[in-house]
2 protein chains.
Amino acid sequence: MNSSGSDINIKPLLDYFEKYLPLEEEEKGVLEELFHEKRVRRRQYLLQEGDVCTHNTFVVEGCFRMFLVDEKGKEHNLQFAVENWWIGDIGSFHSEEPSRLYIEALEHSVVIQIKKEDQLRLFVDFPKFNRIFRVFTENALVSAQRRILQNISSTAEERYLDFLKRHPDFFNRISNVQIASYLGVTPEFLSTIRKRLAKP
Amino acid sequence: MNSSGSDINIKPLLDYFEKYLPLEEEEKGVLEELFHEKRVRRRQYLLQEGDVCTHNTFVVEGCFRMFLVDEKGKEHNLQFAVENWWIGDIGSFHSEEPSRLYIEALEHSVVIQIKKEDQLRLFVDFPKFNRIFRVFTENALVSAQRRILQNISSTAEERYLDFLKRHPDFFNRISNVQIASYLGVTPEFLSTIRKRLAKP
DNA sequence: GCGTACCTATAAGGTAGATTAAGAAAAAGG
DNA sequence: CCTTTTTCTTAATCTACCTTATAGGTACGC
């Protein structure tokens, strides 16, 4: 039980951390205290443009997308997040300026969240988490760099194949409309790519 | 003087850190001890494909590009770095696997570098630097995310205009061939964009 | 100061991917 | 279960950007 008095399922988060570093009992207790569960229905938003991103979010169950709406009203997916992924607008989280992004649940989902001030406290009290989060951020940066290189050097078909190879579980879970938006092409063009690939 | 016995100009690095957090004399001394100067001539490589990126590099003077060579032999610029920027293949640096990237000096340059093991030692002995580097990485991630969104949502002309607005100093310093490669277009097409923009 | 390598501009023809529209299939929701 | 909404497909037309080629301009290295 955490301070809100409700049972929350923090085990997936503990398991996740322990893949990186073993945790002391005290640390587990602090995590249980600082993280809070939230249930989000399909199509509900975790963050909307103009809001400041005040929480760091870990997905326990379900699926999200983070996207930008451009000046023509088109949506562009920056990232998906499923079980055991983190999601949030890290820029807004740290600058405390309003976000330009939306985070929307693609399925009924369960997340656990930590407030910015609590995360800072965690970093001060337990430098171990500072290190873990630095590593997470580095990994995210490496992924982002790979994606930039792919965007400027590959065709849409190559990007789609690489996406499927890297995330085979997304194939039956995320609609092609959303995948197209992530790849930076129209759903119509993704459809022709898929036809081309199915042929031979 | 550092352990190599040579005078190195570490002041730009100290000034840079102090924009984030004031440093104690002891910390300055440690930085001076752990960072080493390197002079790099134009067209010389700081990193080549297949090498493990063993150093984190801070640019004191000069200009670099980090790029990928694709299977068709074409080069794609991932990043530039000028005075007071960091450069390195952060993926290879942490995984200690061979890099797929090159880092090349576009001008005669001076950098100061820290070895991975020394940086880790720095993080353990002075947690303050762990925090500073986490913030650096977060900032780099935010930039990378912005660039991904731009790549999937903007035309080459919009990306070029944004690049100039964001880095006006690069206009007269970095050749259009290199800028085109960064934007993900051919130099010929960048030339037609420039003509289009010069007209009205 | 000179030669040479590189950089920029311009133009013609070609391709990847966008746009629009319209119908079929599937899924959400009540 | 039926209705409504969303998703996927196909095809025609259109545009952004690539490829190849040619030529003049610029700056580096000696």
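Every chain is numbered from 1 and lettered A, B, ... according to where its sequence line falls, protein lines coming before strand lines.
Applying the salt bridge (charged side-chain N to carboxylate O under 4.0 Å, His left out) test to A/Glu158 and every residue at least two apart in sequence or in another chain returns nothing. Taking the side-chain hydrogen bond (donor to acceptor under 3.5 Å, both in side chains) definition, one finds that B/Gln113 meets it with B/Thr57, sequence neighbours left out. A/Glu97 is linked by a salt bridge (charged side-chain N to carboxylate O under 4.0 Å, His left out) to nothing, counting only residues two or more places apart in sequence or in another chain. With sequence neighbours excluded, no residue forms a salt bridge (charged side-chain N to carboxylate O under 4.0 Å, His left out) with A/Asp51. A/Glu96 meets the salt bridge (charged side-chain N to carboxylate O under 4.0 Å, His left out) test with A/Lys116; sequence neighbours excluded. Partners of A/Arg131 by side-chain hydrogen bond (donor to acceptor under 3.5 Å, both in side chains), not counting sequence neighbours: none found.
Rounded to 10°, the angle separating the first-five-pair axis and the last-five-pair axis of the helix from C/dT8-D/dA23 to C/dG30-D/dC1 equals 50°.
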Show which side-chain atoms of residues 118-126 of chain A pair as donor or acceptor with protein atoms under 3.5 Å away, not counting sequence neighbours.
residue	atom	partner	partner atom	Å
A/Gln119	OE1	A/Asn56	ND2	2.9

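The separation of C/dG13 from D/dG24, taken at their C1' atoms, amounts to 23 Å, rounded to a whole angstrom.
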* **Under 4.0 Å protein heavy-atom contact, by nucleotide of nucleotides 7-20 of chain C - B base, S sugar-phosphate only** => -SBBS-----BSBB

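Between the A/Ser181 side chain and the A/Ile179 main chain, no donor and acceptor come within less than 3.5 Å of each other.
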